[in-house]
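Written out below as structure tokens is the structure these notes cover.
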Amino acid sequence: MPEAASSASFSTDSSAATSSEAAATPEAALPKTYDPAGTEARWQQAWESSGAFHPDPAAPGEPFSVVIPPPNVTGSLHMGHAFNTALIDTIVRFQRLQGKNVLCLPGTDHASIAVQTILEKQIKAEGSSKEDLGRDAFFERAWAWKAQSGGTIVGQLRRLGYSVDWKRERFTLDPGLNKSVVEAFLRLHEQGLIYRGEYLVNWCPASGSAVSDLEVEMKEVEGSLWHLRYPLTPLEGEASAAGAAPASDHPIDHLVVATTRPETMLGDTGVAVNPSDPRYAHLVGRSITLPLVGRQIPIVADEHVDPAFGTGCVKVTPAHDPNDFAIGQRHGLPQITVMAKDGTMNEAAGRFAGLDRFEARKAVVAAMETEGLLVKTEPHRHSVPFSDRGKVPVEPLLSTQWFVRTEPLAERCRTALDSPAGPEPRFVPERWSKVYRDWLTDIRDWCISRQLWWGHRIPAWFLVSETGGVITEATPYVVARDEAEAWVKARAQFGGGAQLEQDPDVLDTWFSSGLWPFSTLGWPGEGGQEPADLATWYPTSVLVTGFDIIFFWVARMTMLAGAFLQEADPAPGALSQECPVGGRDSWMPFRDVYIHGLVRDENNRKMSKSAGNGIDPLLLIERYGADALRFALVREVAGAGQDIRLDYDRKSDTSATVEASRNFANKLWNATRFALMNLGGETPASLGEPIAADLVREGRPLQLADRWILARLARVNRETAERYGSYGLGEAAKGLYEFAWNEVCDWYVELIKRRLQVPADLEGEARAAALADQRTARQVLAKVLSELLVMLHPLMPHLTEELWHGLAEAAGASAAVGASGLPTVFLALQPWPAVDEAALDGGLEESFAALIEAIRVVRNLRAVAGLKPAQPAPVQFISGREPLAALLRQATPEITALTRAASVSVLSPEEAEAARAATGPQRALAGVSGELQVLLPIEGLVDLDALRGRLEKDIAKAEKEIQGLAGRLANPNFAGKAPPEVVAECKANLAEAEAQAALARGRLAELG
RNA sequence: GCCCGAUUAGCUCAGCGGUAGAGCGCCUGCCUUACAAGCAGGAUGUCGCUGGUUCGAAACCGGCAUCGGGCACCA
């Protein structure tokens, strides 16, 4: 237990001695600066050991659920994860304060191809291979890796203060999720949505596996375009090229094709031209003798060919190019594979067999040149598909794989997006729904099998006895939950004597990730019972993730949910373990999808491992605290979905942005420290709510500043709840920052200091009155502060939890503690405070702003005149506006304290004129704010030049304004067409600016 | 090629029809007993360019430029 650190914290343990001491002599017990390390660890432990975030599906409260995007177990977390975590945790903590039954479910992803790549690299470095190890030993090693990396990740998530339910933590490859995966595969297969077949797939020679279209990235490379001469095969009876060729005066005896991949010509099975191309129309149907190979291949007409590009002739290699594959299909051309799966040429490549594909390219070009068939070579910049993981060009190869038929699933999703009740899911920001929809339109089937080991084994068993003991495209198979069921199915279909072998391949990682929102909640359940978690928390409330995985993950989840979670799940009768899904509004796995941006580095580059510019979140947490990092990340969010930039100095490992948030944490710490020193050992509970009417009755009414801050508090409460609830997290953070610092600390606390300290020499009734008023101030301060802490809790959970307990237990009252000695009552589980509607007072907020401005003018005058801060000076306000004048009179004691005033007087213009008539003009520091004149009538000790400068500046500013306003009013169109209230405001402003200029001129003249 | 962002103070970004804002940084003065991780005061902008709509545009519309991202892709 990290109790040692609690000396730097508000003590919440049962040894109340330190607490009561803290109340009496706070300076002794509380340091001036907040030290997050001990505090954060302690609260994380307390929350978790008390099960604060382990919800009961049967508990009351509207369900609210989030499944976190499971990080890959490929090492440790980066700043993007910290950002995602900060956003999700802010949302779920807010919803918990709203009284909802909140589940936030954590987990990690096995990341099939990424993890296997890492492990194979390690094994290779040891001079071995996964084949040497064998499948079992490899798995053991992979699980050990998972334990280590997963442990690191979970540790990092805990360190951020993530309020997830660790008891429900899942891993995409754990046995429960395997059950979901197998069930999903079975049902899709039964529905005809999974099929197996030989197609052209993206083959990654580096990982030795097929990959999906999404895992292919197009990269621009400098290549060449080789023009090759393909001779026409002479027609029968055509003796030679010089023979009769009635169709043309210029007989054609060859075609020229252009290619970026000459090595594939060995697999050419045709040449295509555009059907409307007059140059070649007469040649369609004739044959070419394929150079180097000698094969006869036909000339076909196909719309795909662009007559304007190159020669208008295209070589067709159906086994090695997606477009050629399609052309081949349309014209019944054979598919000849000339390459093996390791990227070398195979026996079909004849004399080029055994060469690596890039060597073969050179060799083929050389051979063509030798034959005199290379027409020319041009430099050519073009896009080449690269494997995301393997970082090598992928090879389109014919291969037998498993596929998900996506169109029927995508169609459901498109329909849901057009739901009359509003789009499902709802994207925030909305623009991402277009990206999502576009991808779901014209979607291609999803290759889900991977020739890897680390992953969910495909639940298909082959009757290899039917095909000579090996698995081929033609081998019959059964899909089953396990081997026993496979045997039953196999016997039923093929009788006894079968020999079964499970498919050696595994499923694409995203297949299991795609089930995450329901597999983690217990889908499909046992014995036809719907799991309680699924019944309560499905659909989840919101998915929070980056835009980079909308296709990979978001769309896969919605498509797969559409197959399983519909009210009328069309599963055939064979699947009797049907999971009932009654009573749901929607089968969609989430109501909202909140898409956030990426974290960029100080140079505006995306932070990534490969770029080497990542920042370890733990480094910043250690330096500034988890709350500071979280607050900094959320505060950077502008609107929604925009990337954020985190400034960072790599030499010193510091970040000004995070430091600013750390400073804010410290500000809150000190505000609470101030409160503890001034609440006389009382707590918000013992003081009670400051109810205006009661206080009037008790003869200690709310003062002006009290009413003002309570009005502000009510408004900020309302705004903040609205922002948190509508994904305006950055705005919520900024709003609270400004309220806490600029209003509560800078003004309210300063304004009530005088009232909090009752002079010892005060006696009798005056003393009683002062004490009564002190109590009012204490009540308001306690309320404002504790409510502020609740509102800030989603953003800075540890600090606010600590301070809230500090406030609540100020008197040393022992906190509720559990058997472990840790607290059992948490701010995290408190209700959000109700907005005090009666306290809202727009007029007061406005007039108080004028008071603040008046004080600023006084301070500015003092600064300009070079008065020493400690030197008192008389202050005179002249205002013709009664509400403001009254306010100034009322706030005289506060003004005195905040401006070091020797005296404060408030005069009407008439009184001021009369006084001047009586005493003559006096030298004074003068300034204006609106129609308010501020005078500091002091002789001597004043920098007159600076004062003149100040007045001249006032005049210039007023003149500029006058010019603008007068110009506008002079325009007849303005007066005629603008709304009357705008014109009136404009006139009023002009009058005021003119008055200001006149006043300032007058004062300037008086200075002489 | 198509689609989306962005372009405002030195930096990071708000503002989205009525006279330009915040934070950080910068300058000046302060250890004013909650906080120097602080307090007070101050300076700083042809709001990317260009047409248009409007009484009025940083904001709305059209074009252009630059930067960033996504999708597609002609061999």
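Here the structure is a predicted model, which is why all the values come from computation and not from measurement.
- In this structure, Glu659(A) reaches neither bases nor backbone, as no heavy-atom distance under 4.0 Å exists between it and the strands shown.
- When the P atom of rU53(B) is taken as reference, atom NZ of Lys977(A) falls 12 Å away, rounded to whole Å.
- Closest to the side chain of Lys953(A), out of rG23(B), rA37(B), rG42(B), is rG42(B).
- Note on Pro972(A): nothing from the nucleic acid sits closer than 4.0 angstrom, heavy atoms only.
- With a cut-off of 3.5 Å on both pairing distances, the Watson-Crick and G-U wobble pairs of RNA chain B assemble into stems of 3 or more at B:1-7 with B:65-71, B:10-13 with B:21-24, B:26-30 with B:38-42, B:48-52 with B:60-64.
- Residue Asn663(A) has its side chain nearest to rG38(B) when only rA75(B), rC3(B), rG38(B) are considered.
- Using a 4.0 Å heavy-atom cutoff across all strands shown, Lys32(A) reaches sugar-phosphate atoms only and no base atom.
- Comparing rA37(B), rU19(B), rC55(B) by their nearest atom to the side chain of Glu961(A) picks out rU19(B).
- Closest to the Arg968(A) side chain, of the nucleotides rC35(B), rU19(B), rA40(B), is rU19(B).
- Between Phe664(A) and Tyr737(A), the two ring planes are tilted [angle within 30° to 60°].
- Among the heavy atoms of the strands lying under 4.0 Å from Trp741(A) are primed sugar atoms or P, OP1, OP2 only; no base atom is included.
- The separation of rC55(B) from rG45(B), taken at their P atoms, amounts to 31 Å, rounded to a whole angstrom.
- When heavy atoms are screened at a 4.0 angstrom cut-off, Cys745(A) is found touching base atoms of the nucleic acid.
- Only the C1' atoms considered, rC61(B) is 49 Å distant from rC39(B), to the nearest whole Å.
- Nucleic acid contact class of Asp306(A) (heavy atoms, under 4.0 Å, all strands): base.
- Of the P atoms belonging to rG23(B) and rC60(B), the separation is 26 Å, rounded to the nearest Å.
- Among rC13(B), rG18(B), rC39(B), the nucleotide with an atom closest to any side-chain atom of Arg645(A) is rC13(B).
- Nucleic acid contact for Arg662(A): base, since at least one base atom lies under 4.0 Å from a heavy atom of the residue.
- For Pro979(A), the listed nucleotide lying nearest its side chain is rC55(B); candidates were rA34(B), rA22(B), rC55(B).
- In this structure, CG in Leu255(A) is found 11.0 Å from CZ in Arg229(A), a value given to the nearest 0.5 Å.
- Using atom C1' as the reference point in both rU44(B) and rC26(B), the two lie 9 Å apart (nearest Å).
- In this entry the distance linking CD1 of Ile644(A) with P of rU12(B) reads 14 Å, nearest Å.
- Look at Lys667(A) and you'll find a side-chain N or O under 4.0 angstrom from OP1 or OP2 of rC39(B).
- Taking the P atom of each, rC64(B) and rC4(B) are spaced 14 Å apart, rounded to whole Å.
- Atoms CG and OH, on Asn274(A) and Tyr280(A) in that order, are 11.0 Å from each other to the nearest 0.5 Å.
- With C1' as the reference atom, rG52(B) and rA59(B) are 15 Å apart, rounded to whole Å.
- The structure places CG of Asn666(A) at 13.5 Å from OH of Tyr624(A), a figure rounded to the nearest 0.5 Å.
- Between rC35(B), rG41(B), rG29(B), one nucleotide has an atom nearer to the side chain of Asn666(A) than all others, and that is rC35(B).
- Using a 4.0 Å heavy-atom distance criterion, Val316(A) is classed as making no nucleic acid contact.
- The side chain of Lys957(A) places no N or O atom within less than 4.0 Å of a non-bridging phosphate oxygen (OP1 or OP2) of rU19(B).
- To the nearest angstrom, P of rG69(B) lies 19 Å from CD1 of Ile549(A).
- To the nearest angstrom, P of rC13(B) lies 11 Å from CG of Leu646(A).
- Taking atom CZ of Phe547(A) as the reference point, atom C1' of rA6(B) lies 13 Å away to the nearest angstrom.
- Within 4.0 Å of Tyr436(A), counting heavy atoms only, lies no atom of the nucleic acid at all.
- Closest contact between the side chain of Arg856(A) and the listed nucleotides rG29(B), rG41(B), rG69(B) involves rG41(B).
- Among the protein residues, Asp324(A) comes within range of no part of the nucleic acid, since none of its heavy atoms lies under 4.0 Å from any strand.
- A straight line from CH2 of Trp669(A) to P of rG38(B) spans 16 Å, rounded to a whole angstrom.
- Checking rG5(B), rA34(B), rU12(B) against the side-chain heavy atoms of Asn670(A) singles out rA34(B) as nearest.
- A salt bridge does not link Lys219(A) with Glu217(A): none of the charged nitrogens is closer than 4.0 Å to a carboxylate oxygen.
- No more than 12 heavy atoms of other residues, nucleotides or ligands shown are found within 6.0 angstrom of CG on Asp442(A).
- The 5' end of RNA chain B is approached more closely, in terms of each residue's nearest nucleotide, by Tyr737(A) than by the other of Tyr737(A) and Val435(A).
- Here His320(A) lies out of heavy-atom contact (under 4.0 Å) with every strand.
- Residues Asn670(A) and Arg673(A) bring a donor and an acceptor atom of their side chains to less than 3.5 Å of each other.
- rA14(B) sits 39 Å from rU32(B) when the P atoms are compared, rounded to a whole Å.
- When the side chain to side chain contact (heavy atoms under 4.5 Å, CB included) test is applied to Pro869(A), no partner is found at least two apart in sequence or on another chain.
- Atom CD of residue Glu378(A) and atom CH2 of residue Trp226(A) lie 11.5 Å apart, to the nearest 0.5 angstrom.
- Lys960(A) comes within contact range of no nucleotide atom at all, as no heavy-atom separation falls under 4.0 Å.
- For Met677(A), the side-chain atoms get nearest to rA34(B) when compared with the rest of rA34(B), rU19(B), rA75(B).
- Within the structure, every side-chain polar atom (N or O) of His227(A) is placed at least 4.0 Å from both OP1 and OP2 of rA75(B).
- No side-chain heavy atom of Phe427(A) sits less than 4.5 Å from a side-chain heavy atom of Val435(A).
- Residue-level contact check: Arg444(A) touches the backbone only, with heavy atoms under 4.0 Å from sugar-phosphate atoms and none from bases.
- By the 4.5 Å heavy-atom criterion applied to side chains, Leu898(A) and Trp747(A) are counted as neighbours.
- Arg261(A) comes within contact range of no nucleotide atom at all, as no heavy-atom separation falls under 4.0 Å.
- Rounded to the nearest Å, the gap between the C1' atom of rG18(B) and that of rA57(B) is 10 Å.
- With Phe974(A) as the aromatic partner, Arg968(A) meets the cation-pi criteria of under 6.0 angstrom to the ring centre and within 45 degrees of the ring axis.
- Straight-line distance from the NZ atom of Lys868(A) to the P atom of rA40(B): 19 Å, rounded to whole Å.
- Whole-Å rounding puts the Leu668(A) CG to rA34(B) C1' distance at 12 Å.
- Mapping Phe664(A) and Phe974(A) onto RNA chain B by nearest heavy atom places Phe664(A) at the nucleotide closer to the 5' end.
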